[in-house]
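Order of the sequence lines sets the chain letters (A, B, ...), proteins ahead of strands, with each chain counted from 1. Small disclaimer: the values here were computed from a predicted structure and weren't measured.
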Amino acid sequence: MTDEPLSGSAAGIRVRIAPSPTGPLHVGTARTALFNYLFARHLGGTFILRLEDTDVARSSIAYEKDILDGLHWLGLSWDEGPDVAGGPDRGPYGPYRQMQRLDRYRAAADQLLAQDRAYPCFCSPEELEADRKAAEAVREAPRYVGRCASLGQAERSARAAEGRRPVIRFRVGEGIVAFDDLVRGRVEIDTANLGGDFVILRADGTPLYHFTVVVDDAAMRISHVIRGEDHLSNTPKHILLFGALGEPAPRFAHLPLILNPDRSKMSKRKSQTAVSDYQEQGFVPEAFVNFLALLGWSPGTEDEIMPLSEIEERFELERVQKGGAVFDRERLEWMNGQWIRRLEAEELIERLRPFLEAELQAGRIDRMPDDEDLRPLVPVIQERLPTLGTIGELIGFLFVDDLAVEPSLLVPKRWDAATTREALTAVRAVVSGLGTVSFEADELEPPIRALAEERGWKAGDLFMAIRVAATGRTAAPPLFDTLVALGPARTLDRLDAAIAALATVGPTPGE
RNA sequence: GCCCCCAUCGUCUAGAGGCCUAGGACGCCACCCUUUCAAGGUGGAGAUCAGGGGUUCGAAUCCCCUUGGGGGCACCA
């Protein structure tokens, strides 16, 4: 096997992401897709999407849709393969769904069978299970014992006559398989540690992963296989198959794994692994992709916030980390905030709409805000959204008909109910005196500050009481912008409601 | 159990023999700004570079061992 050094040209650079539609798009798959995409785009190569759907029992069109939608959402465009779930695919090496390529695996298996590089195995699941148990008992690595490796034609016929349907196993043989991994350097593995001859075709004739991946990578002229480190130990199997099939092996690059906080391989049990979950929570794709790119790769400078286009320009496999990386959600949220703050106002409004609709659906707001409602709010919300999904708790109170306010919250820490009631009553008078025309932040603040001064109240305390009355919360966007957004009528209504609520808080001293 | 891979602040990382009394970012803690919450600014705590041997005038950087962690060993992908 001769490895051509990587020339600067794009000639022949073909990489692929090959997800299996047996679950929603996984963060790890997304990261692998991203790195393949970056590698291809940086070098002007071709990025291919292939669906590995041979596990029919677990595959579904719903997952296929989730995966394709997720990759599109992240902005990772591909040059060959299907674009929509269940839809047609494009590219000169199709079909790109493995279940539509069964004849090719069958043909490849026949070729190996004809050359005796593979053979039918009639061992029953029970026999295999017993072998496994036996190996375990003597504390040895489980491996296929080779019971059917040297069956003669007569014996095969006899077993077939018993009604046994054979699987097809590939002969692993002896020797050392070595390859130069683009991120790990030279890796050598003795074939004795591969677990024996492995199955390439099930008894029902459908092919298994290790086989399909090689047949397809060869057929699709894949030049570089960039995938998770969990495949490193399996790579010799693939190299052996390429050789047996008479095909040149691609170059390999094994990426570090994305980890749970406890440093085990990221899993659904311990982490949120579905990309769609992050989308639903209001992470923006710019941030998600930026974050993923920095999990295992760094530009070598202190730049962190980078758009995909810049990452494409700067990406190099040589700068990929070897050690696994913990998925740090806090850092993701920070990065998401960075990207939200960089959004144009109209763009932010656009992206917020589905989240506001969700609030409406859930009954947490009574009216869907329109662009006119939102536009003036952008400056105050933009720097307060860690995720788009928090929009409801941030400004939901503006679009609620009857605000439920916890009466005890109305009373500032240093005040009692009576003072609060008195203060809000005074504020009400000021506000109603201003009228509709002057209802702007600049007009509201001075008289209310003056009121505080005149009565000897700390402005902060007074503002807090008003804030809770108007929003139901102690933490909210800037008070006067909030009141303006609420409008004079509803501001007065809420002050009235708060004043009334305070009457029920308890006996007020001095009355 | 066997094989393979990995190892710099809690986390993501910079570092490719002297520029390192190890830099940045997240998180954390102060302070500033400030009507709350954020955002932003400034500063701080935080890594004897897993440990031990080498090599070298000199090692976070090279080699070996140990330890630790992870991954793989299916008629899953």
Legend entry - Of A/A203 and A/L385, the one whose closest RNA chain B nucleotide lies more 5': A/L385
Inset, instruction - Locate the shortest heavy-atom distance separating A/L232 from A/I189; write the atom from each residue and the value. - result: O-CD1, 4.3 Å
Inset, instruction - Check every atom of B/rA77, B/rG1, B/rA25 against the side chain of A/P142 and return the nucleotide holding the closest atom. - result: B/rG1
Inset, instruction - Identify whether any heavy atom of A/V199 sits under 4.0 Å from a base atom; if not, whether one sits that close to sugar-phosphate; answer base, sugar-phosphate or nothing. - result: sugar-phosphate
Legend entry - salt bridge (Lys or Arg N to Asp or Glu O under 4.0 Å) against A/R186, all qualifying residues, sequence neighbours excluded: A/D180, A/E188
For nucleotides 42-51 of chain B, give me every protein contact, N/O to N/O, under 3.5 Å, one pair per line with atom names.
none

Inset, instruction - Please measure how far the P atom in B/rC12 lies from the corresponding atom in B/rG27, and state the result in whole Å. - result: 15 Å
Inset, instruction - Please state how far atom CG in A/D55 lies from atom P in B/rC76, giving the value in whole angstrom units. - result: 7 Å
Inset, instruction - Could you please name the partner base of B/rC26, counting Watson-Crick and G-U wobble pairs only when both distances are under 3.5 Å? - result: B/rG10
Below 3.5 Å between N/O atoms, which protein atoms pair up with nucleotides 69-72 of chain B? Just atom names and distances, please.
residue	atom	partner	partner atom	Å
B/rG71	OP1	A/K265	N	2.9
B/rG71	N2	A/S233	OG	3.0
B/rG72	OP1	A/K265	NZ	2.8
B/rG72	O2'	A/N234	ND2	3.3

Inset, instruction - Report the nucleotide, chosen from B/rC75, B/rA39, B/rC4, that has the shortest atom-to-atom distance to any side-chain atom of A/R169. - result: B/rC75
Inset, instruction - Quick one: label A/T212 by what it contacts on the DNA or RNA (base, sugar-phosphate, nothing), any heavy atom closer than 4.0 Å. - result: nothing
Inset, instruction - Could you work out the separation of B/rU42 and B/rU34 based on their C1' atoms and round it to a whole Å? - result: 16 Å
Inset, instruction - Mark up nucleotides 30-36 of chain B, 5' to 3', with B wherever a protein heavy atom is under 4.0 angstrom from a base atom, S wherever such an atom reaches only the sugar-phosphate, and - elsewhere. - result: -----BB
Legend entry - Contact residues, residues 321-342 of chain A to RNA chain B [heavy atom, < 4.0 Å]: A/Q321, A/K322, A/G323, A/G324, A/A325, A/V326, A/D328, A/E330, A/R331, A/W334, A/Q338, A/R341
Legend entry - B/rA14 OP1/OP2 closer than 4.0 Å to side-chain N/O of A/S298: yes
Inset, instruction - Classify the ring geometry between A/F35 and A/F315 as parallel (under 30°), tilted (30 to 60°) or perpendicular (over 60°). - result: perpendicular
Inset, instruction - If the plane angle is over 60° it's perpendicular, under 30° parallel, otherwise tilted; pick one for A/W457 and A/W415. - result: tilted
Inset, instruction - May I ask which nucleotide in the shown strands pairs with B/rC2, Watson-Crick or G-U wobble, both distances under 3.5 Å? - result: B/rG72
Legend entry - Any residue meeting ring pair (Phe, Tyr, Trp, His ring centres under 6.0 Å) with A/F252, in chain and number order, not counting sequence neighbours: A/F179
Inset, instruction - Can you sort out the partners of A/F288 under ring pair (Phe, Tyr, Trp, His ring centres under 6.0 Å), two or more places apart, ordered by chain and number? - result: A/Y278
Inset, instruction - Just jot down the ring pair (Phe, Tyr, Trp, His ring centres under 6.0 Å) partners of A/W334, sequence neighbours excluded, or say none. - result: none
Legend entry - Mate of B/rU55 where both pairing distances stay under 3.5 Å, Watson-Crick or G-U: none
Legend entry - Nearest-angstrom distance, P atom, B/rA50 to B/rU13: 15 Å
Legend entry - Separation of B/rC73 P from A/I189 CD1 (nearest whole Å): 12 Å
N/O-N/O pairs, protein side and nucleotides 59-64 of chain B side, under 3.5 Å:
none

Inset, instruction - Measure the acute angle between the ring planes of A/H231 and A/H238, then classify it against the limits of 30° and 60° as parallel, tilted or perpendicular. - result: tilted
Legend entry - Sequence-distant partners of A/F170, ring pair (Phe, Tyr, Trp, His ring centres under 6.0 Å), two or more places apart: A/F198
Inset, instruction - Identify, between A/G300 and A/V183, the residue whose nearest nucleotide on RNA chain B lies closer to the 5' end. - result: A/V183
Inset, instruction - Kindly write out the residues that satisfy salt bridge (Lys or Arg N to Asp or Glu O under 4.0 Å) with A/D55, not counting sequence neighbours, or none if the list is empty. - result: A/R58
Legend entry - G-U wobble or Watson-Crick pairing nucleotide for B/rU35 (cut-off 3.5 Å, both distances): none
Legend entry - Qualifying residues under salt bridge (Lys or Arg N to Asp or Glu O under 4.0 Å), relative to A/E162, sequence neighbours excluded: A/R164
Inset, instruction - Answer yes or no: does a side-chain N or O of A/R132 lie under 4.0 Å from OP1 or OP2 of B/rG1? - result: no
Inset, instruction - Considering only atom C1', compute the distance from B/rG43 to B/rC65 and round it to an integer number of Å. - result: 44 Å
Legend entry - Rounded interatomic separation in angstrom, taking CD from A/E129 and P from B/rA74: 11 Å
Inset, instruction - In whole angstrom, give me the gap between the C1' atoms of B/rU8 and B/rC49. - result: 4 Å
